[in-house]
There are 2 protein chains.
Amino acid sequence: MTEPHVAAAGTSPLGRTDLTGRDLFAAALTEAFEGLPDPADVVDAVYVGNQSESYEGQIMYGTLLAEWAGLRHVPAERVEGCAAAGAMALRHAVEDVRTGRRDAVLACGVEKMTAGGTGGATTALASAFDRALEARSGVTAPSQYALLARRYLHETEATERDLARIAVKNHANAVANPRAQFRREVDVETVLDSDYVAPPLKLYDCAPLTDGGAAVLVVSDDVASTLPGGTVRVAGVAAGANNIAVAERNLSFVEGAHEVTTRAYADAGIDPADVDVAEVHDAFTVSEALLAEAAGLAPRGRGFESALPPAERSAGWTDTRLSTSGGLKARGHPIGATGLAQAVEVYEQLTGTATPERQVDDATTGLLINEGGVADAVTVAHVLAT
Amino acid sequence: MTEPHVAAAGTSPLGRTDLTGRDLFAAALTEAFEGLPDPADVVDAVYVGNQSESYEGQIMYGTLLAEWAGLRHVPAERVEGCAAAGAMALRHAVEDVRTGRRDAVLACGVEKMTAGGTGGATTALASAFDRALEARSGVTAPSQYALLARRYLHETEATERDLARIAVKNHANAVANPRAQFRREVDVETVLDSDYVAPPLKLYDCAPLTDGGAAVLVVSDDVASTLPGGTVRVAGVAAGANNIAVAERNLSFVEGAHEVTTRAYADAGIDPADVDVAEVHDAFTVSEALLAEAAGLAPRGRGFESALPPAERSAGWTDTRLSTSGGLKARGHPIGATGLAQAVEVYEQLTGTATPERQVDDATTGLLINEGGVADAVTVAHVLAT
């Protein structure tokens, strides 16, 4: 068994753009392959994370993007698990290389969320809920996450101000990230004064709609040795589906994410305390708090301290820096591409190529947590290491 | 490396039903696991082939069906490649087991085509065309395949009557298949007298809209030895994406399917002449002729003889029996489940459990060709053997 390596990574511009899905992919691929051989000379399989066909009315993104990359007759397909699709694509690339089945696999993701307008996105995102049990009632993603937030504030000492600090921290990180959709600071009062989308969640507690593409090249030891530029090992991976209906889950502890991250740590042979940087799935501010706890980075009930400097957090917290990219909240959340945008950030952190303002000194181990559906309907976790 | 085995297979009723997607899956799973341990005690990963969310407005079918099967925290995801999604799911199950990554993987497919009505299906199927180059012009699946049929009739000695005979043969096969959507004979005149959908293709040249689910359990040698019932080896597998726009492809030879089936034969160590039974992707009658040629079962330009008894076919034809299930034409074509319905038929043929009227004597090797998009936008091929 060879060890998989991330040998290249790139993204398109993230935000509201005039680019189509294929153009967003092309932009990400072009950045990822700068200085590398042509994709057609290297890549032997393609996986595409894409959440919904309803934005552009386009399926068959596997064939479409493989062709766009100049490839013919290689295995290429779309994988879908709502917002976890990007990490699902990465998981296939990692496992294809790890098992020796392939030498160089392209994991990419693309979402053109603004194509259908906001109403289109709301409907597209609702298609991830159980149609028979939940979606038909008209619930939306914010209203579902509001249930989790309300419960979290009830069961812990966290306040809406604590959740606001997570948004403030992620906006501050995004200022230092040239890829980020929102490169501007916000203060706690601005977050607290923003309109309620679904109480207790306010506008600034929510990730935005984002058009975007991301591409990551995963290669074997042999191929890695032939390519220029830094590489990062993929030391661990795990994935697991929980149930789909939120009503039937623990609202204050995302046990699916706990199960999956525990497996990813074991696969990598590390403990939570070893994680220097983590990109967690902060679709809403409360998600970052919940996932910090599920991943063992924070003690139960104290995940809301993720915005505090490590020295000021409660006992039991690791020194992990969370969402240095700005997270889904401020870097942006192009659904099917998000899991790969997370990988791009950790790749830069571990290769020391992040901008100085956000580069974490001596970062050697990074965690990626990508989720689909509400909270942990499905979770995919990767551990990257130098 | 262990050899993957198909250890169980089942389908739901195929046709226009009142069952939802999850119910179609449940029916298929129940048949497949009759006499076997509970899925939760055996299955360690789930792949779901599903073409379009637009029928039911439901994504996240990986999590949804894993939960429906009683599974928690196992990797589960939807794979999508239009009508090839079912075989893509099967490919993952086969490669997961072959590489030793998993011991028992459930490959399933589900499509609820009638949920959106006929107009819904036409739009859903058109989403598989290149949005920028073709779909926007208003082309439909029949109109795209009509281009292939027109060219085929121009370049070969085939006539519309020859294509009609393929429909007649597949309807005759379906009479003997309890799973088939259309269990009634049709004669050549009925086919020729049916209305043109897109000349030269008539109503009876086209596969129908089908609601349906199919499930196939792929296991390792070790697990196979612990399960009751017959098993069949998965001796070969290959997949490849071609380009997506029909206008840029060879209309009279599906070279993507030729490339992929050639690789599948090599993987299995067989020649086309070894194939006793083949389920080919006859979305339209001309597809069966084109695929017989692409797969090396028929000489170039003579694939339209697939309905003839082997002894009456041109020199260069193999003795392969095509689409003994009735094919997409008469067994039915539940898009994301079709590739797995093909596997169910060949599993029954190779275990000698097909109904006597359609059982091929001494069948030991079977071929599955599943395609997505128009003709070979993407092709997945499997070779099953006793």
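Chain identifiers are assigned alphabetically (A, B, ...) following the order of the sequence lines, protein sequences preceding nucleic acid strands; residue numbering begins at 1 within each chain. All values below were derived from every heavy atom in this structure, side-chain atoms included, with hydrogens, water molecules and symmetry-related copies excluded.
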Original post:
Checking heavy atoms, do the side chain of A:A135, its backbone, both or neither come under 4.5 Å from chain B?
Top reply: neither
**OP:** Would you please test B:H73 and A:V378 for side chain to side chain contact (heavy atoms under 4.5 Å, CB included) and show each step?
**Re:** CA-CA 8 Å; B:H73 307 310; A:V378 62; over 6 Å; no
Subject >> Greater than 12 external heavy atoms within 6.0 Å of B:D18's CG >> reply: no
**OP:** Using non-hydrogen atoms and a 4.5 Å limit, figure out which bit of A:D96 sits close to chain B: side chain, backbone, both or neither.
**Re:** both
**OP:** To the nearest 0.5 angstrom, please state how far the CD atom of A:Q58 sits from the OG atom of B:S127.
**Re:** 7.0 Å
Original post:
Does the side chain of B:E77 come within less than 4.5 Å of A:H92's, by heavy atoms?
Top reply: yes
Original post:
Who among A:T379, A:D130, A:L71, A:L64 has the most heavy-atom pairs with chain B under 4.5 Å?
Top reply: A:D130
Subject >> Residue part contacting chain B, namely of A:Y47, when any heavy atom lies under 4.5 Å >> reply: side chain
Original post:
What part of A:A132 lies closer than 4.5 angstrom to a heavy atom of chain B: side chain, backbone, both or neither?
Top reply: both
Original post:
Given a strict heavy-atom distance threshold of 4.5 Å, which part of A:V260 is in contact with chain B: side chain, backbone, both, or neither?
Top reply: neither
Subject >> Pairs of heavy atoms under 4.5 Å with chain B: top-ranked of A:E67, A:M88, A:R78 >> reply: A:R78
Original post:
Less than 4.0 Å between a side-chain N and a carboxylate O, is that true for A:E259 and B:R72?
Top reply: no
Subject >> Atom group of B:Q51 that falls short of 4.5 Å from chain A, counting heavy atoms >> reply: both
**OP:** May I ask you to say whether A:E95 pairs ionically with B:R101, meaning some side-chain N is under 4.0 Å from a carboxylate O?
**Re:** yes
Original post:
What part of A:E80 lies closer than 4.5 angstrom to a heavy atom of chain B: side chain, backbone, both or neither?
Top reply: both
**OP:** Could you tell me the separation between the CD atom of A:E53 and the OG1 atom of B:T123, rounded to the nearest 0.5 Å?
**Re:** 10.5 Å
Subject >> Partner chain B: residue of A:G57, A:G81, A:A76 with the largest heavy-atom pair count (under 4.5 Å) >> reply: A:G57
**OP:** Against chain A, label B:D376 side chain, backbone, both or neither, depending on which of its atoms sit under 4.5 Å from a heavy atom there.
**Re:** neither
